Amino acid sequence: MEKELKIPNHVGIIVDGNGRWAEELGKTRSEGHLAGFQRLKELCIYAQEIGIKYLSLYVFSTENFKRNRLEVSFLMNLFSTKFHSEFQEIMDLNMKIIFSGRKEPLPSKVIKEMEIITEKSKNNTGTILNLCLNYGSQTEILDMTKKISQEVLDGKIKIEDITLDTISNYLYQPLPPLDYVIRTSGELRLSNFMLYQASYAEFYFTKTYFPAFTNNDFYDAIIEYNHRQRRFGGNSREKKST
Ligand code: IPE
Ligand code: IPE
Ligand code: MG
């Protein structure tokens, strides 16, 4: 009998390669970002269909503000308009949308849309989509440190009571650890994505550019996850699947 597929609880995707996908097809980088956004939406729907509970998507890093002004402003426009037009379907499908990252220096039109979809979807009980927008893991750790230090100064937390749970609760979102991190486009790095949450995650790197990364490719990545043996530093008692 076929073994049941193990679905990772929390999957992170580093959405990469929009620009190169477009350049190779003689399109503009903007067209690449548009195609990437469309693919992202379909992938979210598929992730819920196969039973993924948490999906963290790295869509814009704190460092991406270093890109040229036109690309940054194209992406900001894309976020403010597409969240509105494309995410309705995602919300109708009962997915809950949350964001990780600093609000500063995002334009107010983007922040407004983020607040609208967070509010609209807050009671949804389906897959939780954590959009990492203006996100950087180092900044997240810095912000967490400052928030906890302030609580200590205010007498709300005692130093001896700080635990790993405290840290998780003071990150941008109180999420379970990442089980699986997927990066498209062939780069073999995290680029400041959820360093703390990925402590014991499994990794999957594919050369496929994100706009070309199909639901089937995602399913193949999940199959690969099923061949991993996770030990978390302990002895493995798990028998290798035959
Ligand atoms: C990912 O694609 C999207 C963002 C980082 C916003 P890129 O824009 O990084 O595409 P490449 O890596 O240049 O091909
Ligand atoms: C990482 O991709 C950030 C996102 C996918 C949002 P980049 O394209 O910015 O990463 P580097 O510069 O290649 O490391
Ligand atoms: Mg890139």
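Every value quoted in this text rests on a predicted model; they were computed, and no experiment measured them.
- When all heavy atoms are compared, the tightest approach of Gly32 to Pro211 is O-CG, 3.9 Å.
- A salt bridge does not link Glu113 with Lys120: none of the charged nitrogens is closer than 4.0 Å to a carboxylate oxygen.
- Among Asn134, Asn192, Thr139, the one residue that satisfies the side-chain hydrogen bond (donor to acceptor under 3.5 Å, both in side chains) test with Glu63 is Asn192.
- The pair Lys103-Glu115 meets the salt-bridge criterion, since a charged nitrogen lies less than 4.0 angstrom from a carboxylate oxygen.
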**Item:** Derivation of the side chain to side chain contact (heavy atoms under 4.5 Å, CB included) call for Ser185 and Trp21
**Value:** CA-CA 9 Å; Ser185 93; Trp21 175 85; over 6 Å; no
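- Considering only heavy atoms from C-beta on, Glu86 comes within 4.5 Å of Gln38 through its side chain.
- Ionic pairing of Glu104 and Arg102 is not present here: no N-O contact between side-chain nitrogen and carboxylate oxygen is shorter than 4.0 angstrom.
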- [ ] Decide side chain to side chain contact (heavy atoms under 4.5 Å, CB included) for Ile182 and Phe205; before the verdict, give the C-alpha distance in whole Å, the side-chain angles of both, and the deciding distance to 0.1 Å.
- [x] CA-CA 6 Å; Ile182 296 170; Phe205 296 101; over 6 Å; no
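- Residues Ile98 and Tyr196 are members of separate hydrophobic clusters, defined by side-chain heavy-atom contacts under 4.5 angstrom among Ile, Leu, Val, Met, Phe, Trp and Tyr.
- Met76 contributes atom CE, which lies 9.0 Å from atom NZ of Lys109 (distance to the nearest 0.5 angstrom).
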Run the side chain to side chain contact (heavy atoms under 4.5 Å, CB included) check on Asn169 and Thr166 step by step: do they pass?
CA-CA 5 Å; Asn169 288 331; Thr166 322; 5.8 Å; no
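- Separation of atoms OG (Ser100) and CG (Leu131) is listed at 8.5 Å; rounding is to 0.5 Å.
- Residues Asn124 and Met91 come closest through the heavy atom pair ND2-O, 3.2 Å.
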For residues 42-54, which side-chain N or O atoms pair as donor and acceptor with protein atoms under 3.5 Å away, sequence neighbours left out?
unit_1 : atom_1 : unit_2 : atom_2 : d
Gln48  : OE1    : Thr127 : N      : 2.9
Gln48  : NE2    : Leu93  : O      : 2.8

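- Partner Phe60 forms a ring pair (Phe, Tyr, Trp, His ring centres under 6.0 Å) with one of Tyr135, Phe65, Phe193 and no other, that one being Phe65.
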query = What's the verdict on side chain to side chain contact (heavy atoms under 4.5 Å, CB included) for Val181 and Tyr204, showing C-alpha distance, side-chain angles and the deciding distance?
reply = CA-CA 6 Å; Val181 174; Tyr204 183 86; over 6 Å; no
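- No side-chain N or O of Asp217 forms a donor-acceptor pair with one of Thr206 less than 3.5 Å apart.
- Under 3.5 Å, the side chains of Asn18 and His33 contain a donor-acceptor pair of N or O atoms.
- Between atom CD of residue Glu119 and atom CD1 of residue Ile117 there is a gap of 12.0 Å, rounded to the nearest 0.5 Å.
- A continuous path of ILVMFWY side-chain contacts below 4.5 Å connects Tyr170 to Val152, so both sit in one hydrophobic cluster.
- By the ring-ring contact (aromatic ring centres under 6.0 Å, His included) test, Phe87 is found to be paired with Phe37, Phe83, residues two or more places apart in sequence or in another chain being considered.
- Ion pair Glu224/Arg228 flagged as a salt bridge, since at least one NZ, NE, NH1 or NH2 atom sits closer than 4.0 Å to an Asp/Glu carboxylate oxygen.
- Under a hydrophobic clustering in which Ile, Leu, Val, Met, Phe, Trp and Tyr are joined whenever their side-chain heavy atoms come within less than 4.5 Å, directly or via other members, Val11 and Phe203 fall into different clusters.
- Here the closest non-hydrogen pair linking Gly19 and Arg29 is CA-NH1, 3.5 Å.
- Residues Tyr58 and Leu190 come closest through the heavy atom pair CE2-O, 4.1 Å.
- Summarising the geometry of Ser191 relative to Arg183, their closest heavy-atom pair is OG-NH1, 2.8 Å, with the distance given to 0.1 Å.
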What verdict does the side chain to side chain donor-acceptor pair (under 3.5 Å) test give for Asp165 and Ser168, after you've listed the backbone C-alpha separation in whole Å, the side-chain angles of each residue and the deciding distance to 0.1 Å? CA-CA 5 Å; Asp165 281 341; Ser168 298; 5.1 Å; no
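- A distance of 13.5 Å separates CZ in Arg20 from CZ in Phe210, rounded to the nearest 0.5 Å.
- Distance alone, capped at 3.5 Å, is enough to place a donor-acceptor pair between the Ser137 side chain and the Leu195 backbone.
- Interatomic distance, Thr184 OG1 to Tyr209 OH, rounded to the nearest 0.5 Å: 10.0 Å.
- Between Lys41 and Ile90, the shortest heavy-atom contact is CG-CD1, 3.9 Å.
- For Tyr225, the ring-ring contact (aromatic ring centres under 6.0 Å, His included) partners at least two apart in sequence or on another chain are Tyr180.
- In summary, the side chains of Gln197 and Glu140 do present a donor paired with an acceptor at a separation below 3.5 Å, with no hydrogens or angles considered.
- A distance of 5.5 Å separates CG in Leu129 from CE in Met95, rounded to the nearest 0.5 Å.
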